[in-house]
Number of protein chains: 2
Amino acid sequence: MTMVEVAAEAGVSPATVSRVLSGSAHVSDTTRRQVYSAVSRLGYLRRGERPGDSRHPPIIAAVVCEPTTRMFNDPFFLRFISGAETYLAGRGVPLPLLSAASPVFASTEKHLLGGGSDGVLLVSVHGPHPLALTLAGTRLPIRAAGRPVEGVHMPFVDVDNRGGARAAVELLLKTRKKIALIAGPSDLPAARDRLTGYLDALAEAGRPPLVAAGDFTPRGGKNAMRLLLDQAPNLDAVFAASDPMAIGAMMALRQAGRRIPGDVAIIGFDDVTAAAFTDPPLTTVRQPVERLGALAAELLFEQVVSGGRPAEDQILDTELVIRSST
Amino acid sequence: MTMVEVAAEAGVSPATVSRVLSGSAHVSDTTRRQVYSAVSRLGYLRRGERPGDSRHPPIIAAVVCEPTTRMFNDPFFLRFISGAETYLAGRGVPLPLLSAASPVFASTEKHLLGGGSDGVLLVSVHGPHPLALTLAGTRLPIRAAGRPVEGVHMPFVDVDNRGGARAAVELLLKTRKKIALIAGPSDLPAARDRLTGYLDALAEAGRPPLVAAGDFTPRGGKNAMRLLLDQAPNLDAVFAASDPMAIGAMMALRQAGRRIPGDVAIIGFDDVTAAAFTDPPLTTVRQPVERLGALAAELLFEQVVSGGRPAEDQILDTELVIRSST
DNA sequence: CTGAAAGCGCTTACAG
DNA sequence: CTGAAAGCGCTTACAG
């Protein structure tokens with residue numbers, strides 16, 4: 001694929017294509033549009049802009065589909081990126097971090113499509129994000145952190161959210177009668193998997209489910225817990241699909257005069273730093289997020305340097321961390 | 001500067017230089033070392049790898065000289081980067097974020113020196129960071145966030161830490177007798193400037209200084225406050241060189257039975273989110289960090305596209321936010 | 001493993 | 001503003 005072909009497709013001379021793409025001289029609006037249209041139809045990139053083109057080592061970009069603000073406030077990103085960064089650093093590969101949130105979306109997309117990186121680690125695909133859809137239709141190697149939402153198809157790595165939730169609920173089933181769930185946002189695959197794990201365990205034990213909706217925040221967990229106590233005052237255990245929600249739920253339980261774990265046992269999910277410092281310390285499901293980041297980086301890196309097909313999706317096990325809230 | 005010159009310098013053929021730099025064929029160890037040595041002596045980059053070389057728009061990288069962990073936990077970075085990102089997004093320029101902390105230092109440096117970006121926004125130059133020194137000796141346009149430590153010379157933008165501190169202390173001088181300072185780490189230019197501003201104001205009013213050392217954390221502020229109360233039980237005002245230290249100091253004051261602002265008035269620095277929610281709400285010095293980020297991005301961008309000399313250093317004013325702790 | 005030479009892809013003075 | 005053609009910088013069969 002050369003400029004000559006693009007010129008033919010656009011019906012202009014190679015010189016004109018060169019001028020448009022390098023911005024070295026004025027070209028009329030009409031002609032410029034013809035050239036850009038031919039370029040995007042053919043997917044043409046200039047020599048030196050082609051991914052993997054004479055770039056040793058390659059560049060792998062981490063793209064976060066979240067406003068920068070949120071990205072900085074969620075420990076998942078930090079841990080995932082650290083893991084990936086550390087793996088890649090050992091191979092001399094830098095990991096530039098790019099946001100694909102609304103104000104910078106266009107420039108990030110153009111940068112990636114213009115050959116700015118040889119592979120993309122896609123973090124946090126909430127909903128069918130337009131960038132995820134664009135990249136999925138490209139030859140650029142890509143790996144998602146966490147199973148993408150339905151309708152978006154790309155290789156991913158994930159933790160076993162379903163199995164982790166199931167193990168947590170099975171622990172509660174050993175000593176408790178009525179076990180409620182505080183669920184996460186239903187548009188997040190991770191939240192849905194944790195719900196499924198809860199339902200799995202209850203179904204196998206022949207118990208009826210009892211679910212309230214949360215939003216992964218402490219406030220949401222607190223409200224959900226109040227609702228559950230109204231609905232089923234006799235409940236004696238709660239599984240919260242995230243630690244922040246568990247922390248909110250503990251506040252609601254305390255305000256309602258229930259002792260933890262005497263009256264109500266509670267388990268969270270994530271093992272955030274704060275989970276070890278709640279009163280009582282929170283039993284929770286730990287995700288190996290750094291290992292997940294390193295694994296994603298490894299699979300993507302192998303694909304980039306080999307130029308081959310992506311490896312299979314991989315799922316890492318979670319670990320139940322038993323503290324004093326159960 | 002072409003491959004022919006590099007070949008002459010290295011005493012090999014242009015073909016061999018090409019093979020080394022593209023990694024397209026095996027070259028003997030001796031020869032390869034000769035080539036690399038000539039390349040670095042001449043500062044040679046291949047066509048397409050040269051910064052600003054036919055890259056429309058250019059790439060500007062934000063480089064943070066901190067472990068990723070700390071970078072994610074300091075609101076200054078977030079606000080600075082958001083400001084820069086928003087400015088650049090309007091011009092179609094992406095802002096990849098790179099860490100220059102220890103595990104990834106080498107790969108980031110190589111990436112930048114190898115033409116990975118056309119300009120660098122250097123955030124948080126604590127001490128004479130090796131990357132800052134390397135980049136300062138390069139033709140790559142660069143702009144530091146905050147005045148660099150002594151011994152590192154590069155264009156920067158900063159807020160008027162000295163003037164902000166001075167204004168805060170002058171407010172206290174209107175109604176208070178004995179005003180103490182809880183200082184920040186003395187290796188940080190910002191902390192030193194705030195100390196200077198405090199000393200300026202006291203000297204002009206003919207009052208003796210009273211200083212305890214802190215480390216910008218709440219714990220450090222608390223310890224410093226206790227020390228100050230021991231040393232000078234009659235103090236009636238404190239200026240803390242950061243809000244987190246002010247928050248720690250407020251805890252110490254409360255534990256010592258002092259009312260705020262009745263017995264002791266207190267002012268912080270930064271206007272972090274929490275400052276509006278302390279009891280009583282904290283008077284503090286607000287830094288225009290987003291504007292600072294946008295300004296740094298603007299100055300750097302102009303330099304990159306013009307190819308000229310860097311613009312003058314710029315200092316933005318701070319703003320005293322008066323709440324109920326004074 | 002290396003060089004001389006042909007060639008490829010892109011850029012750019014030149015002409016209109 | 002655009003094309004034909006010369007030329008530049010790099011790469012790569014080919015020969016040894």
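Scope of the values below: all heavy atoms of this structure, side chains included, with no hydrogens, waters or symmetry mates. Reminder, nothing fancy here: chain letters follow the sequence lines and each chain counts from 1.
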Pairwise distance [atom1]([X]) to [atom2]([Y]) - rounded to 0.5 angstrom:
| X | Y | atom1 | atom2 | value |
| --- | --- | --- | --- | --- |
| B:D118 | B:I60 | CG | CD1 | 7.5 Å |
| A:L295 | A:L299 | CG | CG | 4.5 Å |
| B:L121 | B:L300 | CG | CG | 6.0 Å |

>> Applying a 3.5 angstrom cut-off to the pairing atoms, does DNA chain D sit in any stems of at least three consecutive Watson-Crick or G-U pairs? List them by first number.
In response: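 Only these stems qualify: C:1-3 with D:14-16, C:5-12 with D:5-12, C:14-16 with D:1-3.
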Round to the nearest Å and state the distance from [X] atom [atom1] to [N] atom [atom2].
| X | N | atom1 | atom2 | value |
| --- | --- | --- | --- | --- |
| A:R19 | C:dT11 | CZ | P | 11 Å |
| A:M1 | C:dC8 | CE | P | 17 Å |
| A:H26 | D:dT2 | NE2 | P | 11 Å |
| A:M3 | D:dT2 | CE | P | 15 Å |
| A:Q34 | D:dT2 | CD | C1' | 12 Å |
| A:L21 | C:dT12 | CG | C1' | 15 Å |

Options [options], nucleotide nearest the side-chain atoms of [X]:
| X | options | result |
| --- | --- | --- |
| A:S28 | D:dC10, C:dC1, D:dT2 | D:dT2 |
| B:S18 | C:dC10, D:dG3, D:dT11 | D:dT11 |
| B:Y44 | D:dC10, D:dA13, C:dT12 | D:dC10 |
| B:S13 | C:dG3, D:dG3, D:dT2 | C:dG3 |
| A:T16 | C:dT2, D:dG3, C:dC10 | D:dG3 |
| A:A15 | D:dT2, C:dT2, D:dG3 | D:dG3 |

> Passes side chain to side chain donor-acceptor pair (under 3.5 Å), B:R41 versus B:S37? Steps please.
Replying inline: CA-CA 6 Å; B:R41 267 202 305 283; B:S37 149; 2.6 Å; yes
> Is B:R46 near enough to D:dT11 that one of its side-chain N or O atoms lies under 4.0 angstrom from OP1 or OP2?
Replying inline: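 Result: yes.
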> Within less than 4.0 Å of OP1 or OP2 of D:dC8, is there a side-chain N or O belonging to B:T2?
Replying inline: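 False: B:T2 side-chain N/O out of range (4.0 Å or more) of D:dC8 OP1/OP2.
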>> Would A:Y87 and A:L95 count as a side chain to side chain contact (heavy atoms under 4.5 Å, CB included) here? Give the steps.
In response: CA-CA 10 Å; A:Y87 172 86; A:L95 185 69; over 6 Å; no
>> Does the Lys NZ or Arg CZ of B:R32 fall within the cation-pi geometry relative to B:Y36 - under 6.0 Å from the ring centre and within 45° of the axis?
In response: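 Judged by the rule (NZ or CZ under 6.0 Å from the ring centre, within 45° of its axis), B:R32 is not positioned above B:Y36.
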> When all nucleic acid strands are considered with a 4.0 Å heavy-atom cut-off, which category describes B:V12: base, sugar-phosphate, or nothing?
Replying inline: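 Contact class for B:V12: sugar-phosphate only.
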> Given the rule in the side chain to side chain contact (heavy atoms under 4.5 Å, CB included) test, do A:T16 and A:M3 qualify, once you have shown the distances and angles that lead to the verdict?
Replying inline: CA-CA 10 Å; A:T16 300; A:M3 252 184 203; over 6 Å; no
